[in-house]
Novice: 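Mind having a look at this structure? Questions to follow.
Read the numbers this way: they start at 1 and go in the same order the structure lists the ligands and their atoms.
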Amino acid sequence: MNQQASVFHLGLNPDMLKGATLAIIPGDPQRVERIASLLDEPELLASQREFTSYLGKLDGTPVVVCSTGIGGPSTSIAVEELAQLGIRTFLRVGTTGAIQPHINVGDVIVTTASVRLDGASSHFAPMQFPAVADFSCMQALNSAALDANATCHVGVTASSDTFYPGQERYDTVSGRVVKAFQGSMEEWQAMGVLNFEMESATLFTMCASQGLKAGCVAGVIVNRTQQEIPDESLMKNTEHQAVNIVVEAARKMLG
Ligand SMILES: O=P(O)(O)O[C@H]1O[C@H](CO)[C@@H](O)[C@H]1O
Ligand SMILES: O=c1cc[nH]c(=O)[nH]1
């Protein structure tokens with residue numbers, strides 16, 4: 001904490017959180033206001049770098065919404081500093097690329113555990129430690145998805161530091177992917193991995209290894225077996241569905 005008792009990056013101090021213990025954490029700062037609008041009495045707290053935060057209430061209980069930015073390093077900062085401020089449960093809501101043919105754009109995925117294709121998680125626990133979601137968070141997210149009549153897939157996610165090589169994308173300047181990732185998507189598919197995203201490995205490892213709870217729901221905006229570029233209008237609807245689900249899951253966690 002600095003001299004004003006604010007944490008280093010988020011621009012928040014303990015008084016501002018009013019005792020909140022649960023945070024909803026999207027990657028995109030622009031998603032924060034939309035999530036906060038579904039809470040009672042939403043109030044902008046701070047906006048610094050990739051970290052925009054709001055406080056709101058669900059059935060009278062304070063809830064924080066704070067963006068993590070893209071990837072493990074910034075996610076680790078957001079989660080660390082929110083935990084310093086008293087947050088104990090983290091519900092990530094993101095967008096994702098599915099890699100199994102039966103998953104459609106518009107579906108949602110609740111992650112049970114993540115393949116640790118990130119670097120930040122190894123700063124919290126050795127690679128033998130699983131990046132596993134908290135069971136009660138998974139249950140709340142799955143139940144909220146069913147209540148919303150969403151098509152929900154529950155399973156393992158590959159969570160990568162990079163959007164391009166780590167997710168075996170060849171539509172890059174060089175057109176190359178390093179050998180370590182060539183053929184990796186096919187291998188994950190064969191192992192039943194559902195999707196790619198970029199934060200859950202760090203989030204789950206740091207939470208599971210430090211007595212914190214974490215869950216992750218993501219809206220499917222592309223299916224990598226069909227297309228690389230998302231349809232903008234479908235993307236917004238998918239994102240909104242995932243947002244509605246995470247807010248209702250938060251309500252269940254607090255109830
Ligand atoms: O939509 P968000 O939450 O940012 O999540 C996904 O989108 C970003 C990549 O486009 C990565 O952060 C990935 O995890
Ligand atoms: O393919 C995708 C889509 C969203 N986010 C990712 O990390 N990958």
Novice: Short N/O distance, under 3.5 Å, between M198 and ligand 1?
Specialist: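 Checking ligand 1 against M198, an N or O pair does fall under 3.5 Å apart.
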Novice: Considering all heavy atoms of both residues, which atom of R169 and which atom of V177 are nearest to each other, and what is their separation?
Specialist: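 Looking at all heavy atoms of both residues, the closest pair is O-CG2, 3.4 Å.
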Novice: Given E81 and H9, is the side-chain hydrogen bond (donor to acceptor under 3.5 Å, both in side chains) satisfied, shown in steps?
Specialist: CA-CA 8 Å; E81 294 186 4; H9 298 89; 2.7 Å; yes
Novice: Quick check on contacts: which atoms of ligand 2 are under 4.0 angstrom from a heavy atom of V222?
Specialist: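 So the atoms of ligand 2 that pass are 1 (O).
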Novice: Is F163 close to ligand 1, meaning an N/O of one under 3.5 Å from an N/O of the other?
Specialist: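 It does not: no N or O of F163 is found under 3.5 Å from an N or O of ligand 1.
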Novice: Which heavy-atom pair separates V115 from A201 by the least distance, and what is that distance?
Specialist: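 Minimum heavy-atom contact is O-CB, 3.9 Å.
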Novice: Looking only at protein heavy atoms, identify the closest one to atom 8 (N) of ligand 2 and say how far it is in Å.
Specialist: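 Answer for atom 8 (N) of ligand 2: Q167 OE1, 2.8 Å.
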Novice: Can you tell me if E197 and T96 form a side-chain donor-acceptor pair at under 3.5 Å?
Specialist: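 No pair is found: no donor N or O on one side chain lies under 3.5 Å from an acceptor on the other.
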Novice: At less than 4.0 angstrom from any non-hydrogen atom of E197, what atoms of ligand 2 do you find?
Specialist: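 Within the 4.0 Å cut-off of E197, ligand 2 contributes 7 (O).
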Novice: Please identify which atoms of ligand 2 are closer than 4.0 Å to at least one heavy atom of G97.
Specialist: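 The list of qualifying atoms is 1 (O), 2 (C), 3 (C), 4 (C), 8 (N).
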Novice: Would you mind checking which non-hydrogen protein atom is closest to atom 14 (O) of ligand 1, with the distance to 0.1 Å?
Specialist: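 Residue, atom and distance for the closest contact: E199 OE1, 2.5 Å.
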Novice: Which heavy atom of the protein is the closest neighbour of atom 6 (C) of ligand 1, given with residue, atom name and distance?
Specialist: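 Of every protein heavy atom, T95 O, 3.2 Å lies nearest to atom 6 (C) of ligand 1.
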Novice: Could you list the atoms of ligand 1 found under 4.0 angstrom from a heavy atom of E197?
Specialist: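 So the answer, numbered in order with elements, is 14 (O).
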Novice: Could you tell me, atom by atom, which parts of ligand 1 come under 4.0 Å of a heavy atom of R31?
Specialist: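 Heavy-atom distances to R31 below 4.0 Å select 1 (O), 2 (P), 3 (O).
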Novice: Would you mind running through ligand 2 and noting each atom that sits below 4.0 Å from a heavy atom of F196?
Specialist: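 So the atoms of ligand 2 that pass are 6 (C), 7 (O), 8 (N).
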Novice: Which residue and non-hydrogen atom of the protein lie closest to atom 5 (N) of ligand 2, and at what distance in Å?
Specialist: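 Checking every protein heavy atom, the shortest distance to atom 5 (N) of ligand 2 gives T95 O, 3.7 Å.
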Novice: Is V93 touching ligand 1 with its side chain, its backbone, both, or neither, if touching means heavy atoms under 4.0 Å apart?
Specialist: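 Near ligand 1, V93 shows its backbone, while the atoms from C-beta on stay back.
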Novice: Work out which heavy atom in R31 is nearest to a heavy atom in V93; give both atom names and the distance.
Specialist: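 The answer is NH1-O, 2.9 Å.
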Novice: With a 4.0 Å cut-off on heavy atoms, does R169 reach ligand 2?
Specialist: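 Yes, R169 has a heavy atom closer than 4.0 Å to ligand 2.
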Novice: Which pair of heavy atoms, one from C137 and one from K213, lies closest together, and at what distance?
Specialist: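 Answer, listing the atom of C137 first, then K213: SG-CB, 3.9 Å.
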Novice: For a quick test of reading the model, state the closest non-hydrogen atom pair linking I99 to Q189 and the distance between them.
Specialist: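 Here I99 and Q189 meet closest at O-NE2, 2.8 Å.
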Novice: Closer than 4.0 Å to some heavy atom of M198 - which atoms of ligand 2 meet that?
Specialist: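 Counting from 1, the qualifying ligand atoms are 7 (O).
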Novice: In this structure, are over 12 heavy atoms from other groups packed under 6.0 Å from E43 atom CD?
Specialist: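 Yes.
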Novice: What is the nearest protein non-hydrogen atom to atom 3 (O) of ligand 1, stated with its residue, atom name and distance?
Specialist: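 Looking at atom 3 (O) of ligand 1, the protein heavy atom closest to it is R92 NH1, 2.9 Å.
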Novice: So is E239 touching ligand 1 or not, going by heavy atoms under 4.0 Å?
Specialist: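 Outside the 4.0 Å threshold, so no.
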Novice: Closer than 4.0 angstrom, basic N to acidic O: yes or no for E228 and R224?
Specialist: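 Yes, charged N to carboxylate O under 4.0 Å.
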Novice: When you measure from the side chain of E199 to the backbone N and O of G71, does any donor-acceptor pair fall under 3.5 Å?
Specialist: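 Checked: pair present.
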Novice: D118 pairs by side-chain hydrogen bond (donor to acceptor under 3.5 Å, both in side chains) with which of T162, T202, T75, T205?
Specialist: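 Only one option passes, and that is T202.
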Novice: For atom 4 (O) of ligand 1, grab the closest protein heavy atom and report residue, atom and distance to one decimal in Å.
Specialist: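 Here the closest protein heavy atom is G27 CA, 3.6 Å.
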